[in-house]
Amino acid sequence: MSSKITIIGAGSVGATIAYKLSGEDFASEIVLIDINKEKVEGEVMDIKQGTCFRNPISIIAGDYEDAVGSDIVIITSGIARKPGQTRIELTQTNVNIIKEITPEIVKAAPNALYIIVSNPVDVLTYVFTKISGLPENQIIGSGTILDTARLRQGLSEHFHVAQKNIHAYVYGEHGDSSFVPWSGADISTVNIDDYYETMKANGIEIEELDKAAMEEHVHKSGGQVIAKKGATFYAISIAVVYLCNMVLAASDSVATVSSMMHGEYGIEDVCLSTLTLVGPHGVQGKIPMRLTDEEVAKLKASADVLKSVIAQLDI
């Protein structure tokens with residue numbers, strides 16, 4: 001099935017998402033929208049000139065009215081995080097941008113599934129949910145899918161096993177209050193804490209994992225990329241395209257995306273990431289992963305961090 005996907009924001013993330021989508025068979029139409037008309041036209045020209053190597057695809061630099069009939073709308077607009085700056089410091093500026101975009105794009109594409117990527121993503125997903133008037137199932141924040149990918153990449157290198165065999169997740173805010181529920185982390189059904197003995201029985205010695213250091217890797221690696229090259233956009237773009245494929249598939253999948261909480265783990269009225277069922281009808285509900293009391297407390301603490309920020313905003 002071919003789909004129409006609109007991307008708002010032609011910065012590094014939005015343009016890279018458009019480029020990655022241009023190589024995917026499930027996208028037949030891509031609309032790229034940005035306030036900087038010259039920039040968006042240049043990005044579209046560059047991407048289109050590589051499409052002779054695939055089946056025909058329409059890619060245009062458009063306006064909001066060109067988003068009519070979109071299956072997915074991806075919002076990446078916002079001011080980028082600077083070296084040393086936290087995601088939360090961006091908040092009010094990017095909230096104001098979301099407030100400007102929302103009525104225009106929702107009027108054009110009221111039936112689309114919306115993927116919010118702009119940071120701080122949990123706060124902006126909350127704001128979009130509150131002001132858009134759309135059913136909550138149509139709204140998906142990219143949440144901790146990137147954090148989870150960073151975790152699995154780190155665990156794969158430590159345990160010398162393919163990432164596809166690792167089932168471990170990052171919960172909470174896409175930011176410093178996130179955490180790994182280690183009680184549910186496993187490698188091919190074997191809990192990580194038991195994996196050492198399993199491998200020892202096969203004659204393989206594995207150094208014990210420093211869980212605190214691994215969580216630090218998840219928290220800090222994005223900032224390290226920004227410090228080294230000025231921005232992060234490859235990994236998040238791949239994650240978002242993966243999410244697009246997921247919601248266009250024939251059946252639902254599970255991912256750590258950000259969506260509104262309604263009493264799960266005792267948390268209300270905030271968007272953050274837990275295991276969530278997503279698919280062609282958007283968010284279909286949460287998967288109640290069993291957490292320890294300590295992990296539930298960490299999730300509530302992460303929710304409180306986000307709520308304290310939201311309380312200070314002009315929404």
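None of the values given here were measured: they were computed from a predicted structure.
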Salt bridge flag under 4.0 Å for residues K37 and D63:
yes
Classify the side-chain pair H174/S142 by whether it contains a donor and acceptor separated by less than 3.5 Å.
no
If only atom types and distance count, is the side chain of S118 paired as donor or acceptor with the main-chain N or O of G78 below 3.5 Å?
no
For the student: nearest non-hydrogen atoms of R150 and T232, plus distance
NH2-CG2, 4.3 Å
According to a hydrophobic-cluster definition based on side-chain heavy atoms being under 4.5 Å apart (Ile, Leu, Val, Met, Phe, Trp, Tyr only), do V296 and V170 belong together?
no
Which atom pair, heavy atoms only, marks the closest approach of I57 to S28?
CG1-O, 3.4 Å
Just wondering, do K20 and Y234 contact through their side chains at under 4.5 Å, heavy atoms?
no
So, do V31 and I5 sit near enough that their side-chain heavy atoms are less than 4.5 Å apart?
no
For residues P280 and D252, report the shortest heavy-atom separation together with the two atoms involved.
CD-OD1, 3.6 Å
Just by modelled atom types, is the I79 backbone N or O under 3.5 Å from a matching donor or acceptor in the N94 side chain?
yes
Are more than 12 heavy atoms, taken from residues, nucleotides or ligands other than Y265, located less than 6.0 Å from that residue's OH atom?
yes
Any non-hydrogen side-chain atom of L272 less than 4.5 Å from a side-chain atom of L299?
yes
Between L146 and V180, is there shared hydrophobic-cluster membership here, with clusters defined by ILVMFWY side-chain heavy atoms closer than 4.5 Å?
no
Chi angles and distances behind the side chain to side chain contact (heavy atoms under 4.5 Å, CB included) call for L155, Q153:
CA-CA 6 Å; L155 291 175; Q153 176 263 322; over 6 Å; no
Within a reach of under 6.0 Å around CD of E65, are more than 12 heavy atoms found that belong to other residues, nucleotides or ligands?
yes
Report yes if some heavy atom in the side chain of E41 is under 4.5 Å from a heavy atom in the side chain of K39; otherwise report no.
no
Assess whether side chain to side chain contact (heavy atoms under 4.5 Å, CB included) is satisfied between I8 and V73, documenting all intermediate values.
CA-CA 8 Å; I8 302 178; V73 173; 4.0 Å; yes
Under 3.5 Å, is there a donor on one side chain and an acceptor on the other for Q92 and N96?
yes
For the residue pair T125 / S258, report whether a side-chain donor-acceptor contact shorter than 3.5 Å exists.
no
Are Q138 and H281 linked by a side-chain donor-acceptor pair shorter than 3.5 Å?
no
Roughly how far, to the nearest 0.5 Å, is the OG atom of S58 from the CD1 atom of I60?
6.0 Å
For the pair H158 and E207, evaluate side-chain hydrogen bond (donor to acceptor under 3.5 Å, both in side chains) and give the outcome as yes or no after the intermediate values.
CA-CA 8 Å; H158 179 85; E207 181 182 352; 5.5 Å; no
Distance (rounded to the nearest 0.5 Å) between S132 OG and I116 CD1
8.0 Å
Using modelled atom types only, decide if a donor and an acceptor are shared between the side chain of E215 and the backbone of A213 within a distance under 3.5 Å.
no
Does any donor atom in the side chain of T256 or T148 lie under 3.5 Å from an acceptor atom in the other side chain?
yes
Taking CD1 in I315 as the centre, count heavy atoms belonging to other residues, nucleotides or ligands within less than 6.0 Å. Is the count above 12?
yes
Quick one: list whatever passes side-chain contact (heavy atoms from CB on, under 4.5 Å) with S259, sequence neighbours left out.
T276, V283, K286
Working to the nearest 0.5 angstrom, can you tell me the gap between E43 CD and S12 OG?
8.0 Å
Look at the side-chain heavy atoms of Ile, Leu, Val, Met, Phe, Trp and Tyr, link any pair under 4.5 Å apart, and say whether L134 and Y64 land in one connected group.
yes
Side chains of S3 and E29: any donor to acceptor distance under 3.5 Å?
no
For R54 and E24, indicate whether the former's side chain and the latter's backbone hold a donor-acceptor pair under 3.5 Å.
yes
If you define the side chain from C-beta out and look only at heavy atoms, does anything of F179 sit under 4.5 Å from H219?
no
Roughly how far apart are S273 OG and I140 CD1, rounded to 0.5 Å?
11.5 Å
Are the side chain of D71 and the backbone N or O of K4 linked by a donor-acceptor pair below 3.5 Å?
yes
I would like to know whether L21 and I7 meet side chain to side chain contact (heavy atoms under 4.5 Å, CB included); could you show each step before the answer?
CA-CA 10 Å; L21 282 171; I7 304 162; 3.9 Å; yes
Start with the C-alpha gap between Y242 and I145, add the side-chain angles, then the distance that decides, and say whether side chain to side chain contact (heavy atoms under 4.5 Å, CB included) holds.
CA-CA 10 Å; Y242 170 77; I145 56 170; 5.8 Å; no
Correct closest heavy-atom pair for H167 and R152 would be CA-NH2, 4.0 Å
If hydrophobic clusters are built by linking Ile, Leu, Val, Met, Phe, Trp and Tyr wherever their side-chain heavy atoms come under 4.5 Å apart, do W182 and F159 end up in the same one?
yes
For the student: nearest non-hydrogen atoms of D122 and G172, plus distance:
OD1-O, 4.3 Å
Do E173 and V121 make a side-chain contact, defined as non-hydrogen atoms from C-beta onward lying under 4.5 Å apart?
no
Rounded to the nearest 0.5 Å, what separation is found between the CG atom of D34 and the OG atom of S77?
6.5 Å
Between T6 and S70, a side-chain donor and acceptor under 3.5 Å
yes
Donor-acceptor check, side chain of E157 to backbone of G154, threshold 3.5 angstrom: yes or no?
no
According to the side-chain hydrogen bond (donor to acceptor under 3.5 Å, both in side chains) rule, which pairs have a member within residues 187-203, sequence neighbours left out?
D193-K211
Pairing donors with acceptors under 3.5 angstrom, does anything connect the side chains of D269 and Y126?
yes
As an exercise, state the distance from OG1 of T91 to CD of Q312, rounded to the nearest 0.5 Å.
9.0 Å
For K228, I'd like to know if atom NZ has over 12 heavy atoms of other residues, nucleotides or ligands within 6.0 Å.
no
Minimal heavy-atom distance between K107 and P110, with the atoms involved, is O-CD, 3.9 Å
Sub-4.5 Å side-chain heavy-atom contact between I75 and V117
no
Taking the side chain as every heavy atom from C-beta outward, state whether D314 and V95 have any pair of such atoms under 4.5 Å apart.
no
Check the angle between the aromatic planes of Y114 and F128 and answer parallel, tilted or perpendicular using the 30° and 60° thresholds.
tilted
Should M261 and L313 be counted in the same cluster of Ile, Leu, Val, Met, Phe, Trp and Tyr side chains packed under 4.5 Å apart?
yes
